[in-house]
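Scroll down for the structure; my scribbles are underneath it.
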Amino acid sequence: MPQLSGYIDHIIFRNENNGYTVLGLEDDKGEITTLTGSFGTIDAGQYIQVVGEFTRHPEYGDQFNVKTYEIREPEGVAAIERYLASGTIKGIGPALAHRLTSAFGEDTFRVMEEEPERLASVKGISERTARFIGEQVSEKKDMRRAMMYLQSLGISPVFSAKIYAKYGTGLFEVMAGNPYQLVEDIDGIGFKRADEIAAKVGISTDSPFRIRSGIIYTLMSAQTDGHMYLPADILTERAASLLEVTPETVADMMDELILESCLVENTVNGERCIYTSVNYYTELGCATALSRIQSEEKEDPKLFKKISGIEKAHEMELDEGQREAVFTAVRNGVSVITGGPGTGKTTIIRILLDYFDQNGMDVLLAAPTGRAAKRMSEATGYEARTIHRMLEVGGENGLSFGRNEDNPLETDVVIVDEVSMVDIFLFNALLKAVSPGTKLILVGDADQLPSVGPGSVLRDIIGSGVYPVAALTQIFRQAASSDIIVNAHKINAGQKIKMDNKSEDFFFLERSGADIIISSIEYLVVKKLAGHLKVKPQEIQVMAPMKKGPLGVENLNKKLQERLNPPSHEKHERMYGDTIFREGDKVMQVKNNYQTVWEIRSKNGLLIESGSGVFNGDIGNVRRVDNVNGLMEVVFDDNKVVTYQTQELDELELAYAITIHKSQGSEYPAVIVPLVGGPQGFLSRNLLYTAVTRAQRCVLLIGSSEVVEQMIANKNESIRYTGLKERIIETKSGIDL
């Protein structure tokens, strides 16, 4: 790779949070090159050597993208004077730099570090200023030494900066003693990376630190697949394979971790299982909180009459199942309403809102995502918020909520929609904020895909049999006229669907070959469906079962971006990794970021509202790309504008195509789903059911009819190891936990 060296002439832009910097580097010939990359603490005037590659930016020309760098001490009196004159050390400017180097010559730095009191002999420097200068030089020397040490271990500048920010000079002790601590403390460093570092510093493969970290890492990795625990034999097998040690070694350390309460041993369905302590007590906390909230209300003697009056006011008549769902919600502290599309869940919420309003009761409506909350507001006429906003998310790294057991929600009723999307940690936070005496009504479709995060909250609550559940099965007359809804219920029941294209809203195109399918999707999005439905092409959502492959989300996004938002001299763009983000692009947030600030402004630029928090699954559009300052603005739902630094772009993906899993809680005018062969785990009935139920006006499946039939027949779902059901049953039974 090419190397450059020279003095930092000036800093053009710097993000203090992640170290991303744009700077001008002056070489020995006096030529200045623009450098971009992640650096630790660097300053104008420093001499650095960098390794990287030249890139050509469409707007700003040639740049040098830095992969690694090394700060060199200035050599020679002139170099030392230049460094000091740059202002990198507070209190020293050009004139004072000249006097210092005139007095001490090439010995200037040694005097600053070892004998700073001698600086007071120079005109313009007091004893106090001399000590201050010495402290600064010492501090910067420590930082430089630490960064050079970390990079000698193969750690990138980005992570070196994070490690130094976390540990300071204490990092040497951490790296030499237990580099596996990085897995827990530094976001983005996993076990394998820590293992590589440990090998370089001489830690043996049978180190207790390594075995402990490997076991915990195995459990945390399982959590990304939705698991709350692992059966002991599976955990032992996976950890032994990861660590390349014997199962007995893992089992012995696992027992130690249980004794230390780092892990918790329990029994689920007669099988020994192992939790992290956080996961176990989160499940137990949910079960205990539900038991605390639950209570049977005194019978309202006028309940039937009031509900009948509300029905008449809405010029409707509930069927027996819907009316029972309303009664169940009114009579209990905790209740569940579940059912597929068209079964009247939203109608029941509207009836309940009128009933509670007539009885002078305050109600809060919430949903897991911004889109789901917006749909809830539009359907009911009442304000609905995301669960995060309702709980007043905040705190460092978003780990705390303003509403909790010490400051509960001030309301009589909480109704939460799309509960199938809620993971165990968010549910636990919600329950902490619901005080006894407040009704909690959980609404959702238990046949949808489980939450992206760990746990299976809705299914476990229903499966426990402890709390009343109203299961809606009857499809409304109006909904029954939609083949989208009819076919969704047939898919859920494992029945074949008609794919003869005689429907007005449900279509199937038999196509084979990735290129042909992609061309068909492009034509449908750009021309056919957009015109037919009178919507913008970007409102049509393409969904795929997988991310990788010719018909995976990543490739589909590149193809659709070329058609829907091609390069233009009028549009700025920014490349990050393999993705080009261009003004006008449809994008999705793919990580929960509780600290990201958003703003809503008027057309005149006046601030209307501001807050924090952007969440996994939020969709928006790129409004502005500012390559000078390394910024990108994205407009999300409700006109919330978020400004991203370049190094934060790993939180975004193009969203012309998304995975079916990411579509939960959202609805689109039309959805197009390419379906071809693939792993059975990706081709399940509930995956197809979820995709179909995301469409409002049109569903178009394209690919193999045989694959569609296989998906309908495949009832098998990926197993999630969760124990909330058991915790609820145990809590209800009064078992001593």
Exercise for the section: Answer yes if the ring centres of Phe209 and Tyr180 are under 6.0 angstrom apart, and no otherwise. Expected result: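 Here the rings of Tyr180 and Phe209 have centres that are no less than 6.0 Å from each other.
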
Problem - side-chain hydrogen bond (donor to acceptor under 3.5 Å, both in side chains), paired with Thr690, selected from Gln448, His661, Arg685 - result: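 That would be Gln448; it is the only one of Gln448, His661, Arg685 passing the side-chain hydrogen bond (donor to acceptor under 3.5 Å, both in side chains) with Thr690.
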
Is the closest side-chain heavy-atom distance between [X] and [Y] below 4.5 Å?
| X | Y | answer |
| --- | --- | --- |
| Ile293 | Leu431 | yes |
| Ile461 | Leu290 | yes |
| Val245 | Ile211 | yes |
| Val416 | Val443 | no |
| Tyr668 | Ile619 | yes |
| Asn616 | Lys591 | no |
| Tyr721 | Ile234 | yes |
| Ser451 | Arg720 | yes |

Can a salt bridge be assigned to the pair [X] and [Y] using a cut-off of 4.0 Å between side-chain N and carboxylate O?
| X | Y | answer |
| --- | --- | --- |
| Glu653 | Lys547 | yes |
| Lys439 | Asp412 | no |
| Glu418 | Arg375 | yes |

More than 12 heavy atoms from other groups under 6.0 Å of [atom1] on [X]:
| X | atom1 | result |
| --- | --- | --- |
| Glu196 | CD | yes |
| Lys548 | NZ | no |
| Tyr167 | OH | yes |
| Gln181 | CD | yes |
| Glu706 | CD | no |
| Glu173 | CD | no |

Handout entry: Side-chain H-bond candidate by donor/acceptor type, Tyr275 with Glu283, under 3.5 Å
Key =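 The answer is yes; a qualifying pair exists.
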
Let me check something: any side-chain donor-acceptor pairs from residues 251-267 under 3.5 Å, sequence neighbours excluded? List them with distances.
| from | atom 1 | to | atom 2 | distance (Å) |
| --- | --- | --- | --- | --- |
| Glu260 | OE1 | Arg212 | NH1 | 3.0 |
| Glu260 | OE1 | Arg212 | NH2 | 2.9 |
| Glu260 | OE2 | Arg212 | NH1 | 3.2 |
| Glu265 | OE2 | Arg272 | NE | 2.5 |
| Asn266 | OD1 | Arg727 | NH2 | 2.7 |

What's the separation between atom [atom1] in [X] and atom [atom2] in [Y], rounded to the nearest 0.5 Å?
| X | Y | atom1 | atom2 | result |
| --- | --- | --- | --- | --- |
| Asp417 | Ile349 | CG | CD1 | 4.5 Å |
| Leu365 | Leu352 | CG | CG | 10.5 Å |
| Asn686 | Asn714 | CG | CG | 9.0 Å |

List the atom pairs, with distances to 0.1 Å, where a side-chain N or O of residues 215-224 and a protein N or O form a donor-acceptor pair under 3.5 Å, not counting sequence neighbours.
| from | atom 1 | to | atom 2 | distance (Å) |
| --- | --- | --- | --- | --- |
| Thr218 | OG1 | Gly214 | O | 2.7 |
| Ser221 | OG | Tyr217 | O | 2.9 |
| Gln223 | OE1 | Asn279 | ND2 | 3.0 |
| Thr224 | OG1 | Ser221 | O | 2.5 |

Handout entry: salt bridge (Lys or Arg N to Asp or Glu O under 4.0 Å) partners of Arg459, counting only residues at least two apart
Key =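 Glu717.
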
Shortest non-hydrogen separation from [X] to [Y] and the atoms involved:
| X | Y | answer |
| --- | --- | --- |
| Thr369 | Met421 | CG2-CE, 3.3 Å |
| Met588 | Ile658 | CE-CG2, 3.7 Å |
| Lys345 | Pro341 | NZ-N, 4.4 Å |
| Pro545 | Leu687 | CB-CD2, 3.7 Å |
| Val553 | Ala544 | CG2-CB, 4.0 Å |
| Leu472 | Ala325 | CD2-CB, 4.2 Å |

Problem - Pairs flagged by salt bridge (charged side-chain N to carboxylate O under 4.0 Å, His left out) wherever residues 219-234 is involved - sequence neighbours left out - result: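 Every candidate salt bridge (charged side-chain N to carboxylate O under 4.0 Å, His left out) pair involving residues 219-234 fails, so no pair, neighbours aside, qualifies.
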
Problem - salt bridge (charged side-chain N to carboxylate O under 4.0 Å, His left out): pairs with one or both residues in residues 442-452, sequence neighbours excluded - result: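 Residue pairs passing salt bridge (charged side-chain N to carboxylate O under 4.0 Å, His left out), neighbours aside: none found.
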
Exercise for the section: Give me the one residue out of Met543, Gln664, Gln541 that meets side chain to side chain contact (heavy atoms under 4.5 Å, CB included) with Arg694. Expected result: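 Single side chain to side chain contact (heavy atoms under 4.5 Å, CB included) partner of Arg694 among Met543, Gln664, Gln541: Met543.
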
Practice task
Please check if the side chain of Thr236 supplies one atom and the backbone of Ala232 the other of a donor-acceptor pair under 3.5 Å.
Solution key: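 Between the backbone of Ala232 and the side chain of Thr236 there is a qualifying donor-acceptor contact (under 3.5 Å).
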
Problem - Side-chain donor or acceptor of Asn332 paired with backbone N/O of Ser335 under 3.5 Å - result: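 Judged by distance alone, no pair lies under 3.5 Å.
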
Please set out all donor-acceptor pairs under 3.5 angstrom arising from side-chain atoms of residues 385-394, sequence neighbours excluded.
| from | atom 1 | to | atom 2 | distance (Å) |
| --- | --- | --- | --- | --- |
| Thr386 | OG1 | Arg389 | N | 3.1 |
| Arg389 | NH2 | Glu609 | OE2 | 2.8 |
| Glu392 | OE2 | Arg403 | NE | 3.2 |

